[in-house]
Protein chains: 2
Amino acid sequence: MLASQRQELILALVQRHGTVRLADLAERMGVTAVTVRRDVTALADRGLVQRVHGGITRPHRPNRTPTAPRPALGGATGRTLVGMVVPSVEYYWPHVVQGAQAAVASAGSRLVMRVSSYDPTEDRRQISALVDHGVRVVLAAPVVHGDAGLDLLRWLGSLPVPVVLMERLPPPELSTLALDAATTAHALGAGLGVRHLTALGHRAVALVTSRTSPTSTALRAGWAATTAELGLPHDTDLDIEVPSYGTPGWPPVYDEVLLHCAERGVRAMLVHADREAIGMVERARDLGIDVPGRLAVVSYDDEVAAASDPPLTAVRPQKHRLGQLAVELALGRAAEGDRRPVHRVQLWPTLEVRESCGAAAPASEL
Amino acid sequence: MLASQRQELILALVQRHGTVRLADLAERMGVTAVTVRRDVTALADRGLVQRVHGGITRPHRPNRTPTAPRPALGGATGRTLVGMVVPSVEYYWPHVVQGAQAAVASAGSRLVMRVSSYDPTEDRRQISALVDHGVRVVLAAPVVHGDAGLDLLRWLGSLPVPVVLMERLPPPELSTLALDAATTAHALGAGLGVRHLTALGHRAVALVTSRTSPTSTALRAGWAATTAELGLPHDTDLDIEVPSYGTPGWPPVYDEVLLHCAERGVRAMLVHADREAIGMVERARDLGIDVPGRLAVVSYDDEVAAASDPPLTAVRPQKHRLGQLAVELALGRAAEGDRRPVHRVQLWPTLEVRESCGAAAPASEL
DNA sequence: TCGTTTCCGTTCGGTTCCGCTCGCAACGAT
DNA sequence: ATCGTTGCGAGCGGAACCGAACGGAAACGA
């Protein structure tokens, strides 16, 4: 008996009886329970059945309210403890946390933050700890790729408290997972940088990334799309990966990138993360390449870009707002429960024009 | 008997009789009182029933304040005149307008609505009229396709007042046009309908559309994607276009569709717009095709679907909320200006299960 | 022929569910 | 006031259930 046959049969049975026990299915089909569970997981992922303890039911039953709408306590919504799990507090996320903190505070409540580390197991551990700790809603930026990511997302969808994703979306395999999400349009942000440089006359823009994060992937996609649209070269040797600023042996690698670009006549680059952009400018100065005179640099991040010399033009993801927004989504969900439709919000980054591209006169900012 | 089944039954009984004794439940379901108590506790925690000594009752109604009136943004939003241009007031848009109206009113302001007619020239005329009239923000659902649409969008982007798009997004050629937008995930909604029918055992789902609107296009895409994912047939003769209900000569066309599906063994369809779905059911009855017995119908729209006979299961775009949301986006933009990043919000439709698919058998569970 | 992938079963540790039992509180009758 | 009845909550132990990890078998391609 093939897997697809079994699943077909399971569908037929659950449709017919409304609810089926896994043990019965296992016996009837002559396979073990774990196999049935696997089949059921596959069906549940596609939204065709709904799992319950010990069996399955048809989806979209009236009973489909795992997330609690606020009970009798009525007006006393003031004390909604908000949990938050971010993958790092060294990069990117601090501003998101601050935004969330501000929003939670202004709602008269309290935020409990935990740090994971781009690890699905750790994500899960921290989130369960928060739930045990009594938080009423969870903001999370978990790992979503790979099998472990899928499992984690499934688990998030089955938690008794609402979950809001930050800077993450379920992959296509789980496209119907009903979680709210707040994301930044990173790909579009890369496009902003490329367009800005193009508008300044550059006919080629290199992309330099240093981290293998979801953000870098999005930036690559945006860079490729925009360069293609604008008719700029986008061969693979303009999509450059470098070690992080400060890792052993970084300067010669950066130098090589600079020389490579100079050879190719590329005088503009978009660099992911401020530190790497600053490192690039630093090496350029040592090599006698004037910024912005002979090389225009746009940083993607804008945490410390303004403090560089020269101040770096940067694409700025709206991290603070993203945190705020995530809290608003979460509190809205907590207040309304499943009556509220799924919200997916995307924020655009902004372009902060400074001096590293020769676009703004230094005094133009008054 | 599974726990979830018991809880569902308890809900049904308390709904039906208003009040139930725990001892009766225990006896009826063949479990001990302590188990019933635990089930009841779970339901009460979710606010679905209310405990009383010796039994349970329906939850208190007076606690009917789910939609928390949102405190006005910033502060000085008091007198912001909001302009709104919708392409029609006969179909779809009235609910959006009502939602916007409610939101504007609760912000202590006033809404000025105009109707265009899927015509870019008219769109522009109405919007300029509103701007001249002194509105501070504009909500619009303009034509966005074709050269005229592009021009119109460019013009909207250059207006001195903020513009929020409703159910529209700039096409890829203008993907960087910095307008806020609130849209419905129609493609996903079509997927919800298809998945529901598939979960009920149907191995083929036809799509019937009647309007050449952006919505129909999205539905087609969602239908194609979901059928492909689920391994259902998605040849072009299951993607059917019909004239609107009531246009001259509609009945024979609908009949033909019904016969075609019957021949192909297709016994489930997703129909765009309630009126057409109702027309389809009407013709099916005349042809002796029982709904839901021999044909399952899901409507996409849910304006009057509940009033049909039998009541139609429908996918429900959250129009009212979309209107609210558009106003919130607009007021936020008006209050903050360009400091505010572009917001792109997507709302998911919900699935309202009724009787036209044979899924809901409310009384069958006794 | 040798990986590689896919599918399925086994094992194991942890969780959930459920009934039993006990002590406490509320009510009503004597 | 006392006692029996009924309902309720808490704790305990057994059973069922679940997920994760490991390993074997078959299918597939080079």
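Just so we're on the same page: letters track the sequence lines, and every chain starts at 1.
- Side-chain nitrogen and oxygen atoms of B:Arg21 include none within less than 4.0 Å of the OP1 or OP2 phosphate oxygen of D:dC8.
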Under 3.5 Å donor-acceptor pairs involving side-chain atoms of residues 30-37 of chain A, not counting sequence neighbours:
| from | atom 1 | to | atom 2 | distance (Å) |
| --- | --- | --- | --- | --- |
| A:Thr32 | OG1 | A:Thr35 | OG1 | 3.4 |

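- Residues forming a salt bridge (charged side-chain N to carboxylate O under 4.0 Å, His left out) with A:Asp119 (at least two apart in sequence, or on another chain): none.
- Between A:Arg51 atom CZ and C:dC17 atom P there is a gap of 14 Å when expressed in whole angstrom units.
- Distance CG/A:Asp239 to OG/A:Ser216: 9.5 Å, rounded to 0.5 Å.
- What separates CG of A:Asp147 from C1' of D:dC22 is a distance of 16 Å, to the nearest Å.
- Partners of B:Glu27 by salt bridge (charged side-chain N to carboxylate O under 4.0 Å, His left out), not counting sequence neighbours: none found.
- The interatomic distance linking B:His53 (NE2) with C:dA26 (C1') rounds to 6 Å, in whole Å.
- Between the CZ atom of A:Arg125 and the C1' atom of C:dT15 there is a distance of 18 Å, rounded to whole Å.
- In this structure, B:Arg267 has no salt bridge (charged side-chain N to carboxylate O under 4.0 Å, His left out) partners at least two apart in sequence or on a different chain.
- The residue A:Arg154 sits apart from the nucleic acid: no heavy atom pair falls under 4.0 Å.
- Qualifying side-chain contact (heavy atoms from CB on, under 4.5 Å) partners for B:Thr226, counting only residues two or more places apart in sequence or in other chains: B:Val194, B:Arg195, B:Leu230.
- Rounding to whole angstrom units, CD of residue B:Glu27 and P of D:dG7 are separated by 12 Å.
- Evaluation of the salt bridge (charged side-chain N to carboxylate O under 4.0 Å, His left out) rule for A:Asp235 yields A:Arg264 as partners, not counting sequence neighbours.
- Following rounding to the nearest Å, A:Trp155 (CH2) and D:dG19 (P) show an atom-to-atom distance of 13 Å.
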Would you list the protein and nucleotides 23-27 of chain D atom pairs, both N or O, that sit under 3.5 Å from each other?
none

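- Here the side chain of B:Ser356 pairs no donor or acceptor atom with the backbone of B:Ala296 at under 3.5 angstrom.
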Can you build the contact string for nucleotides 5-14 of chain C? Use B for base contact, S for sugar-phosphate-only contact, and - for no protein heavy atom under 4.0 Å. ---BBB----
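- Evaluation of the salt bridge (charged side-chain N to carboxylate O under 4.0 Å, His left out) test over residues 155-180 of chain A, restricted to residues two or more places apart or in two chains, returns A:Asp180-A:Arg333.
- Residue-level contact check: B:Val40 touches neither bases nor backbone, having no heavy atom under 4.0 Å from any strand.
- A:Asp151 has its CG atom 13 Å from the C1' atom of D:dA21, to the nearest Å.
- Rounded to a whole Å, the CE atom of B:Met29 is 15 Å from the P atom of C:dC17.
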